[in-house]
Amino acid sequence: MKIDSITLYPLQMPLVTHFETSFGRIQNRECVIVKIQSEGLTGWGECVADHDPGYSYETTGTVLHILQDFLVPLLWGQDLQDALHFQRLVAPVRGHHLAKAGLEMAIWDLTAQRANQSLAQLFGATRSSVEVGVSVGLQDTPADLLQRVNAYLQDGYRRVKLKIKPGRDVSEAAIIRAAHPDLKLQVDANSAYTLQTAAALQPLDDLNLLLIEQPLYEDDIWDHRLLRQNLRTPICLDESVTSPRHARYALEMQACDIINIKPGRVGGLSQALQIHDLCLKAGIPVWCGGMLESNIGRATNLALAALPGFTLPGDISASARYYNEDLTEETFSLNPDSAINVPTRPGLGVTVLESQVKKFALAAIALQP
Ligand code: OSB
Ligand code: MG
C-alpha cells in the first residue's frame, strides 16, 4: 500500500479524575493521534507519550519531532506491506518506541481493513471478551484510597492495582486487603525503589498480592533478579522490558515471574505479539498494561489481550473510567464479569470521530510526500 498523507494531532484530554503515580500527578492526558490516508482508506493510531518524561523518556514533544523529521519521511514512496515491513524501514531510528508504535498502529488499522478482518482475527486471538481491572492512582489519604477502591468495586471491577511509592506502600495495601480479603490485588511502583529501599516492601508478602510491578530502576533487569530472590510475591516487569530481546534477557536472567505488555513501550503491536509468543512458550504469564489510552488505543489493547497468553486481567478499564468524552462513536463498558468485549469489525473496529479529535487537538500537522 502507498501512503498518500499523514496527519499528526497532538491532543490534550481531561481525565475524569486526576491520576497520580510515583512520578507525578496529571489531570490532563496528552497523546499524539496519527491519521494515515492510503489508497482511499484511513488508518488511525495513538502514540501514548505524555507531556512529561516521567514514565518514558519520550514526550508528546519528542514524538512529534521523531515522527515528522525521521519516521514519516522513511515511509514516503514505499509500497508498505505490513507492520514487520514497517519495522524494517524504521530500524535505523534508535529507540523512540512510543512514536514508532503509534505509527505502526495506524498501519495495522489499514492492513486489517484491507484484509476485511478485525485486529483480533488478524492476531489469531481466541477470546471475544477479556478480563480487566482498574489502576488506582495515589490518593491524598488512605481514607480517600479506600473510598476510591470501593467506588471502582461498585462499578464492577474485580481486580485492582494500587500505585505505590516509598512511604505510601505497605500500609495502604494492607488497608485495602483488610477491607477486601478476596480481591485480586496488585501494586505498581513505577521504578520508585532501589534494591536497598525495596527492603521495605517485604511485608507485602503477607498480603496475597497477584504481583509487584516494576519496583526498581526503569532500565534494570539484573537487580530485579536479585530482589526476586527475597520476595515470595511474583515480580512483574513493565518499564524495563522495551523489546522482545529484553523480554528474552529478563526470562533468561529469571528476573521476573510475569510481564506487563504495552504495545507503545515495546515499539508496536508487532513487537508485543513477539513478546507474547516468547512468554507463552516459556510459561510466563503476561497481561496488557495501559497508558490511559483513548478508545483508539483501547481498541487495540483489547484485541491484543484476547490472545491466549494473556492470562491475567489487563489495565484496560471502561471508557468512563478515563474520559467523559472520547474519540470514537463506540464506548467500551464493563460487563458484569469484569470483562470488556473485543471489537469485531474490520480494522481497529471503532469509528473515530475526527470532530472529537479536532476538539481536543492542540495542533494539526499535515504531512505529504
Ligand atoms: O505504569 O502501568 C503504568 C498509566 C500511565 C503510565 C504508566 C502506567 C499507567 C497505568 C494506567 O497504570 C493504566 C491504565 O491505562 O488504566
Ligand atoms: Mg506499570
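Ligands are counted one by one from 1 in listed order, and the atoms in each one are counted from 1 as well. Keep in mind that what you see is a predicted model, and the values were worked out from it rather than measured.
The protein atom (non-hydrogen) at minimum distance from atom 15 (O) of ligand 1 is Leu292 N, 2.8 Å. Nearest non-hydrogen protein atom to atom 16 (O) of ligand 1 is Tyr322 OH, 2.6 Å. For atom 6 (C) of ligand 1, the nearest protein heavy atom (residue, atom name, distance) is Met291 SD, 3.6 Å.
No donor-acceptor distance shorter than 3.5 angstrom exists from the side chain of Tyr193 to the backbone of Ala199, with no hydrogens or angles considered. No side-chain donor-acceptor contact under 3.5 Å links Ser38 to the backbone of Ile3.
When distances to the Mg ion (ligand 2) are checked against a cut-off of 2.8 Å, Glu213 contributes an N, O or S atom below that limit. Counting backbone and side-chain atoms alike, Asp188 contributes an N/O/S atom closer than 2.8 Å to the Mg ion (ligand 2).
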Checklist entry - Can Glu293 and Lys262 be said to form a salt bridge (Lys or Arg N to Asp or Glu O under 4.0 Å), step by step? => result CA-CA 11 Å; Glu293 284 89 347; Lys262 292 179 182 173; over 6 Å; no
Item to check | Criterion side-chain contact (heavy atoms from CB on, under 4.5 Å) on Met13 and Ser294, from CA distance to verdict | outcome: CA-CA 9 Å; Met13 292 170 70; Ser294 77; 4.3 Å; yes
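Asp238 has its closest N, O or S atom to the Mg ion (ligand 2) at the position named OD2.
For Lys163, a nitrogen or oxygen atom sits less than 3.5 Å from a nitrogen or oxygen atom of ligand 1, counting backbone and side chain alike. Ligand 1 has a nitrogen or oxygen under 3.5 angstrom from a nitrogen or oxygen of Asp188. For a threshold of 3.5 Å applied to N or O pairs, the pair formed by Lys262 and ligand 1 contains at least one separation below that value. Taking distance alone, with nitrogen or oxygen atoms compared against 3.5 Å, Phe23 stays at or beyond that limit from ligand 1. An N or O contact shorter than 3.5 Å is missing between Phe19 and ligand 1 by distance.
Here the side chains of Tyr9 and Val32 are not in contact, with every heavy-atom distance at 4.5 Å or above. Looking at heavy atoms from C-beta onward, Ser129 lies in side-chain contact with Asn335 at the 4.5 angstrom threshold. No side-chain heavy atom of Thr42 sits less than 4.5 Å from a side-chain heavy atom of Ile36. Annotation: side chain of Trp287 is in contact with side chain of Cys236 (closest heavy-atom distance under 4.5 Å).
Heavy atoms of Gln214 come nearer than 4.0 angstrom to ligand 1 in no pair at all. Between Lys161 and ligand 1 there is a heavy-atom distance shorter than 4.0 Å.
Selection from Gly290, Cys236, Gly289, Ser135 by nearest heavy atom to atom 9 (C) of ligand 1 gives Gly290.
Close contacts between ligand 1 and Asp238 involve ligand atoms 1 (O), 2 (O), 3 (C) [criterion: under 4.0 Å to a heavy atom]. Which parts of ligand 1 touch Asp315 is read off a 4.0 Å heavy-atom cut-off, strictly below it: atoms 12 (O), 13 (C), 14 (C), 15 (O), 16 (O). For ligand 1, the atoms lying closer than 4.0 Å to a non-hydrogen atom of Glu213 are 2 (O).
In this model, no donor atom of one side chain and acceptor atom of the other lie less than 3.5 Å apart for Ser22 and Arg168.
At a heavy-atom cutoff of 4.0 Å, ligand 1 is contacted by the side chain of Asn190 but not by its backbone. Residue contacts with ligand 1, taken as heavy atom pairs separated by less than 4.0 Å, do not involve Thr21 at all.
Side-chain rings of Trp108 and Phe123 approach one another, their centers coming within less than 6.0 Å. Checked against the 6.0 Å centroid threshold, Phe70 and His65 count as a close aromatic pair. Taking the six-membered ring for Trp, His224 and Tyr217 have ring centres at least 6.0 Å apart.
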